[in-house]
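Report on the structure given below.
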Amino acid sequence: MNLKLIPAILLTLFSFTAHSQEAPADTVIVPLAESSKIIFTIRNRSDLHILRHYNFQELFDDILQKLEDSEGFTNDSSGNAASTTREEDWSISSAEKNDSGNESNDEDDDNDSYGHSDDDEEEEQKWQRSRRGRIGQTWQSYNIDLGTNNYLAEDQFPDASELYSVRPWGSWYLAGNSVQRTRLGKNIFVEWGLGVSWYSFKFQENNILVQKDELGVLFSTDSRDVEFIKSKLSATFINASLVPVLDFGDHSRKSRIWDGNGSGFRFGVGPYVGYRISSKTKLVYEENGDREKEKDRDNFHLNNLRYGFRLQLGIRSTDLFVNYDMNELFAKDKGPKLNAISFGLIF
């Protein structure tokens, strides 16, 4: 038997039974092959909801196996197969349904007042809502932010002549976050979580020294006769964020880049706060053919607290972020007035 005929069988079945809720038993006969046929008998329209989610592939596999094992087939004198009439009971159980059919309403089989819950369109909508998730339901994910750092001085990037100006390429921002995504309503979510981030500011000049005294942080050039390779300032923070998100794809779990699929546009903006747990400078140079590294761990008058706003934009399976620190990178009157900014991809 060709199991591809199952959708056609169901369509014929529904067309015979949709016009009457309490009519006598309707019988649909579907001829198959040369000498086989399938007979459907429906007495209660409430069965239609169950049949929509029934695993007919498994049912027919079971029927065919039982027929193959049966001794009810004999050959008549003309060589044709003759069979006896048999009636088997294959009960519809929850274990035999597809995963998509979460509610069978088996208890209502004998209830003639099936009513509004029997409306096919309404049932389909309920099923779709169950896939999206309930309001208040939360899903957890682990995200990686990878991007670049810079900072703004009076709403613009520092001039290249400033000793503390940085190179966007090489000034990496890396963060690992555990994010909870909670549904607040249709298309509305809030993403809240904790994580660790690493700032890295790579200076334009490779021989920049960062030092501090009681008055503040000092930027100067190293005058040694060596080949300087790079100089940078880095800091590590523990962060917490709370970002309301409008997701037009209405997905409980947003798609990832490696999923290769997904749909809809996502937009979110919300606050974050972080606490500095370490900071250091690193100067790399080459002397007499040997590569040398000098590291200095200190606070360099960096603010222990950072806070700002995070913007998230997503389309299909790609998400972007922008973080902007509302407070200055250095403590008040201890260094240049700089506000850190980071942007990149969310993995």
Side-chain angles (χ1 to χ4, degrees), residues 46 48-55 93-95 97-109 111 113-145 175-197 238-274 307-324 345-347:
S46 64
L48 296 182
H49 172 72
I50 301 174
L51 292 173
R52 277 185 179 274
H53 305 293
Y54 193 70
N55 191 339
S93 63
S94 58
K97 297 190 182 83
N98 287 329
D99 292 339
S100 59
N102 294 327
E103 298 181 3
S104 63
N105 292 324
D106 290 302
E107 298 177 356
D108 297 333
D109 286 349
N111 186 1
S113 60
Y114 195 70
H116 298 292
S117 62
D118 188 48
D119 184 86
D120 294 339
E121 183 177 353
E122 181 180 350
E123 291 299 329
E124 185 68 18
Q125 291 175 354
K126 289 181 179 179
W127 183 62
Q128 291 293 343
R129 286 196 296 269
S130 69
R131 291 186 63 192
R132 292 194 298 263
R134 302 182 303 275
I135 292 178
Q137 193 168 356
T138 299
W139 297 263
Q140 184 178 27
S141 63
Y142 297 95
N143 299 345
I144 296 177
D145 295 350
N177 305 294
S178 174
V179 178
Q180 311 291 323
R181 182 177 171 92
T182 302
R183 177 181 288 277
L184 299 182
K186 181 176 176 58
N187 304 123
I188 303 176
F189 299 83
V190 62
E191 295 185 6
W192 49 281
L194 298 172
V196 180
S197 64
I238 295 177
N239 309 295
S241 61
L242 182 68
V243 182
V245 175
L246 187 62
D247 189 338
F248 293 97
D250 196 20
H251 299 299
S252 299
R253 181 187 69 84
K254 63 183 180 182
S255 299
R256 304 297 182 202
I257 290 179
W258 52 79
D259 290 340
N261 52 28
S263 62
F265 173 75
R266 300 174 293 280
F267 169 83
V269 61
Y272 62 83
V273 62
Y307 56 87
F309 282 91
R310 176 181 176 89
L311 171 67
Q312 295 180 182
L313 293 174
I315 182 69
R316 296 185 65 82
S317 57
T318 302
D319 287 88
L320 306 174
F321 75 92
V322 178
N323 293 339
Y324 178 71
L345 290 171
I346 303 175
F347 294 91

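Start at 1 with the first residue, then count along the sequence.
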pair Ile188-Leu246: side-chain heavy atoms closer than 4.5 Å
yes
Rounded to the nearest 0.5 angstrom, the CD-CZ distance for Gln312 and Phe321 is 9.5 Å
Do the side chain of Tyr324 and the main chain of Leu311 share a donor and acceptor less than 3.5 angstrom apart?
no
Ignoring hydrogens, what is the shortest heavy-atom contact between Ala175 and Ser197? Give both atom names and the distance.
CB-CB, 3.8 Å
Measure the spacing between CZ of Phe309 and OG of Ser241 and express it to the nearest 0.5 Å.
12.5 Å
Heavy-atom pair with the smallest gap, counting every atom of Val245 and Arg181:
CG1-NH1, 4.4 Å
side-chain contact (heavy atoms from CB on, under 4.5 Å) between Ser178 and Gln140: does it pass, once the steps are laid out?
CA-CA 7 Å; Ser178 174; Gln140 184 178 27; 3.0 Å; yes
Looking at every non-hydrogen atom in both residues, tell me the closest pair between Glu191 and Val179 and how far apart they are.
CB-CG1, 3.8 Å
Quick one: do Asp247 and Lys186 make a salt bridge, cutoff under 4.0 Å?
no
Is any side-chain heavy atom of Asn177 less than 4.5 Å from a side-chain heavy atom of Leu194?
no
Do the charged groups of Asp145 and Arg310 touch, with an N to O distance under 4.0 Å?
yes
Atom CD in Gln137, atom CZ in Arg183: separation rounded to 0.5 Å?
8.5 Å
So CD1 of Ile315 and CZ of Phe248: to nearest 0.5 Å the spacing works out to 10.5 Å
Quick one: side-chain contact (heavy atoms from CB on, under 4.5 Å) partners of Val190, sequence neighbours excluded?
Thr182, Leu184, Trp192, Leu242
Measure the CG-OH distance between Asn239 and Tyr307 for me, rounded to the nearest 0.5 Å.
14.5 Å
Rounded to the nearest 0.5 Å, what's the gap from CG on Asp319 to CG on Leu313? Could you check?
8.5 Å
Qualifying residues under side-chain contact (heavy atoms from CB on, under 4.5 Å), relative to Ile144, sequence neighbours excluded:
Leu174, Phe347
